[in-house]
2 protein chains.
Amino acid sequence: MAKIKDVAELAGVSAATVSRVLNNVPTVDADLAERVRDAANELGYRANGVARSLRRQRTDVWALIISDIGNPFFTSVARGVEDIAQREGFSVVLCNTDEDPAKEARYIDVAEREQVAGVVMSPNAFGSDISRLTAAGIPVVAIDRPLREPVDSVLVSSADGARLATEHLFEQGWTRPACVTGPARADTAEQRLAGYRDAFAALRRRPAKSLVRHTDYRAESAREAVASLLDSASPPDSFFLANSSLALGALQEFRRRGLLPGRDVGLVSFDDPPWAGFVNPPMSVVVQPTYEIGVQAGELLLKRIGHPLAGKDARTITLSTELIVRDSSLHKPRRTRAKAAQTA
Amino acid sequence: MAKIKDVAELAGVSAATVSRVLNNVPTVDADLAERVRDAANELGYRANGVARSLRRQRTDVWALIISDIGNPFFTSVARGVEDIAQREGFSVVLCNTDEDPAKEARYIDVAEREQVAGVVMSPNAFGSDISRLTAAGIPVVAIDRPLREPVDSVLVSSADGARLATEHLFEQGWTRPACVTGPARADTAEQRLAGYRDAFAALRRRPAKSLVRHTDYRAESAREAVASLLDSASPPDSFFLANSSLALGALQEFRRRGLLPGRDVGLVSFDDPPWAGFVNPPMSVVVQPTYEIGVQAGELLLKRIGHPLAGKDARTITLSTELIVRDSSLHKPRRTRAKAAQTA
DNA sequence: TTGTACGCGTTATCAC
DNA sequence: GTGATAACGCGTACAA
């Protein structure tokens, strides 16, 4: 590996000049710069990022710590963050915690050790410990879920979306919607549950506790939850699922029992994965502005990186959701279908 | 940020001793070690990874460069790689190239600058330039697609899988299967096309050129390809899609035209995304051992990292695929359905 | 067993 | 405008 010294010798200048040229310092003689660039090309010289970071006491990489790489929500957010980063000359490295607090802690550790320029993260829990990061002067932006510590955040009005979804279920004629949500430690899970409850409250009702299930946001857990719900003494007639992985689990259990959404049961899910329109029947969902979340988070991070202490007060951006009605939430009892078939 | 010197002063020893303790060098006095650890804890000391990397001339991070983070195939592979890395004390950072050669080049650059310990990548093209990596002594393992340069690889017998899929279509009674594959520069795309052709050859036939379409592996491109195929003079009666994103695009176009797979058209896709069993109707697929691919790649990388030059000959591991027949590939013309309904 | 001293490759400060 | 030099924080050969 060619080092800066090698380039300097070949160009007949000092290492300092090489450094200046490569960092586009304007006060260098044009001819010299030319010679230096030629030499660098000839040797295939690339600056050693590690040495540079040590010297500069900063890095050009962002860490994006997310809780589930398999969730389309996060992959879309990632694209948003990455686009902003690229635009500003940063690289982003993605760290997947798989909803595991231990993994999250490890990655926070890595981010600190490697002195990343900033962190965008979807905290595993409200109490996730990011003190090491802030202590190290590394700016953090929370997405998807809030953090106890005061940091910039990009959130979504989850409760509103969940209320919309549940109200829609009622409007369709379903009377006992269940709610399968995430782990209690995840704020999104609690917000979506709250919104679900709000829809009941608007009708001066209260959902029975037996209609609510917490899970770990995994499909298999949702499948089990739906199964137990269906087998309970007074089963629900419809379901609100707090994210798309859960929806997949529910779909699985419905199929197993020969239940068709939009006919035998109602179904609305949070998030609009690419496949939502193609399952049987097309799934009604609450969409979040995923890419936009990433973009906003990137912009927020950028401002903090520029002026670490400027505007000490943390800013929170809250984006809103939208209900997309497809067929899984419709209320068309079997006999209606049969009639339709006869007349057809 | 506490530095090693601070710990040394607090513990009343030299920085060298602190370093030794923290790196578990066995020849340190137990009492001293104790004191050092206490001091380190008290100060919340964390070794500066950048300085450490510069000194050691190596890092504890792997770069995983993949071509599409939205593709479940890669997220599953990523989990495999990560599990091996974690086991051995490495962190893996994920770089998404989005099938963009320029992005790939940038990430290769980053990997070199940041001196990662190793790289696992799904090359954008057979000719992707990784010379900088090998020149820098950074081991590379190719996955999914081979590379012109001789490196360890974990591949899948794509052609076999594609042939299986196409033969299955023929066996079901479809007679004019089309093939929608990826970009010509991607080996997987070519292999899958080759397997498709093999199935024709076994029947002493040859697919018309008009039955084949290349795309960029994106859903929207597949939708267009399928549309143009369907609108052609002699349209196909069934489809083999080279990956799950393409399948989504095909599904979209089918729905638009009111065509039901397994009845009006035949459909088999490569890859088994989580939603494959839940679309309408459940999709027949060729599965790859995704997680295993990641694991094998991780193991291969590990061996190279241990002994950079040992076994100069590159090793290639080829895993096999499996056909899962669900309903989208079945051949049940409309009238058959109608009859079944009558007798029911 | 422990401490001293140097170097990893780069950039920033200071003279010239 | 350019060059010598110090320093970033750590690990390790060498000396003690």
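Keep in mind the model is a prediction, meaning the values are calculated, not measured. Within every chain, numbering begins at 1; the chains are lettered A, B, ... in the order of the sequence lines, protein sequences first and strands thereafter.
- For the OP1/OP2 pair of C/dT10 and a distance below 4.0 Å, the side-chain nitrogens and oxygens of A/Y45 include at least one atom meeting the criterion.
- B/S153 places a side-chain N or O within donor-acceptor distance of the main-chain N or O of B/V151, the cut-off being under 3.5 Å.
- Computed from coordinates, the A/N23 CG to C/dT13 P distance equals 13 Å when rounded to whole Å.
- With rounding to whole Å, A/I4 atom CD1 is found 14 Å from D/dA4 atom C1'.
- Take the nearest nucleotide of DNA chain C for B/G12 and for A/K5: the residue whose nucleotide is more 5' is B/G12.
- Considering only the side chain of A/L32, D/dT2 comes nearest among D/dT2, C/dT10, C/dT2.
- Rounded to the nearest 0.5 angstrom, B/K3 NZ and B/E9 CD are separated by 9.5 Å.
- Summarising the geometry, the separation between CG on B/N48 and C1' on D/dG9 is reported as 6 Å, rounded to the nearest angstrom.
- Along DNA chain D, the nucleotide nearest to A/V28 and the one nearest to A/A51 differ in position, and the one closer to the 5' end is contacted by A/V28.
- Side-chain N/O atoms of B/Q115 and B/S53 include no donor and acceptor closer than 3.5 Å.
- Between A/L54 atom CG and C/dC8 atom P there is a gap of 13 Å when expressed in whole angstrom units.
- Under a 3.5 Å cut-off, the side chain of B/R132 and the backbone N or O of A/G44 do form a donor-acceptor pair.
- The shortest distance between side-chain heavy atoms of A/E114 and B/E114 does not fall below 4.5 Å.
- Side-chain contact check for A/Y217 and A/T188: at least one donor-acceptor pair (N or O, by modelled atom type) lies under 3.5 Å.
- One interatomic measurement links the two molecules: CG of B/D60 to P of D/dC10, which rounds to 15 Å at whole-angstrom precision.
- B/V50 comes within 4.0 angstrom of nothing in the nucleic acid, heavy atoms only.
- For the pair A/L22 CG and C/dT10 P, the interatomic distance rounds to 9 Å; values are reported in whole Å.
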Protein-nucleic acid N or O pairs under 3.5 Å, nucleotides 4-7 of chain C:
residue, atom, partner, partner atom, Å
C/dG7, N2, B/R55, NH1, 3.2

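- Rounded to an integer number of Å, the gap from B/D29 CG to C/dG3 P is 11 Å.
- Rounded to an integer number of Å, the gap from A/Q57 CD to D/dC10 P is 10 Å.
- The pair B/R87-B/E299 meets the salt-bridge criterion, with a side-chain N (NZ, NE, NH1 or NH2) lying under 4.0 Å from an Asp/Glu carboxylate O.
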